[in-house]
2 protein chains.
Amino acid sequence: MERWEEALAQAGYRVTVPRRVVAAVLSEADTPCSAQVVFELGKIRYAGLGLVTVYRTLALYESLGLISRVHVHDGCHGYLATTPGHRHALICTRCGRSVEFLGQGDLDLLIARLEKRTGYRVQEHLLQLFGLCSGCRGTDE
Amino acid sequence: MERWEEALAQAGYRVTVPRRVVAAVLSEADTPCSAQVVFELGKIRYAGLGLVTVYRTLALYESLGLISRVHVHDGCHGYLATTPGHRHALICTRCGRSVEFLGQGDLDLLIARLEKRTGYRVQEHLLQLFGLCSGCRGTDE
DNA sequence: CCCATATTGAAAACTACTATCAAAAACAAC
DNA sequence: GTTGTTTTTGATAGTAGTTTTCAATATGGG
Ligand SMILES: [Mn+2]
Ligand SMILES: [Mn+2]
Ligand SMILES: [Zn+2]
Ligand SMILES: [Zn+2]
């Protein structure tokens, strides 16, 4: 809850009620949220919130590196708070609950081989894992 | 061009002109295509093609595992023909040209560690690499 | 060749997202 | 605290992407 305000201020942006609300929603969610969902959860905290502002704020936070847009199986995509450092998401396909994990050098070998073979130079990667959390696998096993 | 028709027939679907056109477009593209793009390229081959049919056909091919929906940085997502086996894409962020590569056991270690730590059971993963192809890096280096 | 059925495309409906603009809020200077 | 400049906001309207509906058409088996 502090990170967000600091990042805004340091980048010269104003700290406003809607921006605080969006930050609160995202930092408490453990599942990627669409803009619509952020809007609905946000209105609970601040009834005056506007959908347009949610879109703007999501774009802003993404540009500041505070959240990342992740691929979602059905819909188009969702937003997830990024804890500092290089991280990836493991998402439960049933309940949507997701955990992040550090991805430091996780793919270095793969990438090195690939660059040699293809002539490409790899700059970024997107890695998302999908599966079932222990809760959703039921009580069996 | 044969794979597609066989897969349709074997699953009990009819082989139609629009379906052949969409297959042709996708199997010749070396870049993820949005529905709109498939539609435009498809109309060159068959003027009567309808956009709605493109959407339906993309969904059908995805359900048959012939194409996969990949995350695209700006837009929402694009469709890419999947060659049999487990593959990932390396996409040039400048020209969009992409190469596929086999991803057999590439993440096994990572996944094993992660399952132990989180209690999740990983079923699928999405891995996409982004960078510059040799052409787009210019003549230097 | 014919027929039952799957499939198609136009139009309309619906949803996601973006541009516009006057009113309101933030913050720095006093 | 008051003031004033500038950023930010939210309602409305507009655009783009996707789905539903339905009568007309094409397919593949008999
Ligand atoms: Mn997407
Ligand atoms: Mn990584
Ligand atoms: Zn779950
Ligand atoms: Zn390139």
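Just so it is clear, the model here is predicted, and its values are computed rather than measured. Protein chains get the first letters and strands the later ones, always in sequence-line order, with residue 1 at the start of each.
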Given [options], which nucleotide is nearest the side-chain atoms of [X]?
X: His77(B); options: dG9(C), dT9(D), dT18(D); result: dT18(D)
X: Val52(B); options: dG9(C), dG10(D), dT18(D); result: dG9(C)
X: Thr16(B); options: dG9(C), dT27(D), dC27(C); result: dT27(D)
X: Thr53(A); options: dT18(D), dG9(C), dT9(D); result: dT9(D)
X: Tyr55(A); options: dG10(D), dT18(D), dT18(C); result: dT18(C)
X: Tyr13(A); options: dT8(D), dT18(D), dT8(C); result: dT8(D)
X: Val15(A); options: dG9(C), dT8(D), dC27(C); result: dC27(C)

Exercise for the section: Locate the shortest heavy-atom distance separating Cys136(B) from Leu132(B); write the atom from each residue and the value. Expected result: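 Nearest pair, atom of Cys136(B) first, then Leu132(B): CB-CD2, 4.3 Å.
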Practice task
Work out which heavy atom in Ile111(A) is nearest to a heavy atom in His125(A); give both atom names and the distance.
Solution key: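 So the minimum-distance heavy-atom pair works out to CD1-ND1, 4.3 Å.
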Handout entry: Distance below 4.0 Å between Tyr46(B) side-chain N/O and dG9(C) OP1 or OP2
Key =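 Answer yes for this pair, as a side-chain N or O of Tyr46(B) is under 4.0 Å from OP1 or OP2.
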Problem - side-chain N/O Arg19(A) vs dT9(D) OP1/OP2, d < 4.0 Å - result: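 So the side-chain polar atoms of Arg19(A) do come within 4.0 Å of the phosphate oxygens OP1 or OP2 of dT9(D), strictly under.
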Practice task
Describe the nucleic acid contact of Phe39(B) in one word from base, sugar-phosphate, nothing, applying a heavy-atom distance below 4.0 Å.
Solution key: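 Here Phe39(B) touches no strand at all.
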Practice task
Scan Leu49(B) against the nucleic acid and name what it touches under 4.0 Å (heavy atoms): base, sugar-phosphate only, or nothing.
Solution key: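 The residue Leu49(B) makes sugar-phosphate contact but no base contact.
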Problem - Side-chain-base donor-acceptor pair under 3.5 Å for Arg14(B) and dT5(C) - result: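 Side chain to base: pair found, below 3.5 Å.
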Handout entry: Arg56(A) (side chain) and dG10(D) (base): donor-acceptor pair under 3.5 Å
Key =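 Such a pair is found, so the answer is yes.
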Nucleotide [N], atom [atom2] - distance to [atom1] of [X] in whole Å:
X: Glu5(A); N: dT8(D); atom1: CD; atom2: C1'; result: 16 Å
X: Leu58(A); N: dG10(D); atom1: CG; atom2: P; result: 13 Å
X: Leu51(A); N: dT15(D); atom1: CG; atom2: P; result: 18 Å
X: Leu8(A); N: dT7(D); atom1: CG; atom2: P; result: 15 Å
X: Leu60(A); N: dT18(C); atom1: CG; atom2: C1'; result: 16 Å
X: Gln10(A); N: dC27(C); atom1: CD; atom2: P; result: 14 Å

Problem - Side-chain heavy atoms of Leu126(B) within contact of Gln128(B), under 4.5 Å - result: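 Yes, at least one pair of side-chain atoms sits under 4.5 Å.
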Handout entry: Distance, nearest 0.5 Å, that separates CG of Leu66(B) from OG of Ser27(B)
Key =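 Separation between the atoms: 10.5 Å.
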Handout entry: Closest-nucleotide 5' rank along DNA chain D - winner of Gln36(B) and Gly48(A)
Key =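 Closer to the 5' end of DNA chain D: Gly48(A).
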Exercise for the section: Please check if atom CZ in Phe101(B) has more than 12 non-hydrogen atoms from other residues, nucleotides or ligands closer than 6.0 Å. Expected result: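 It does: Phe101(B) CZ has more than 12 such atoms within range.
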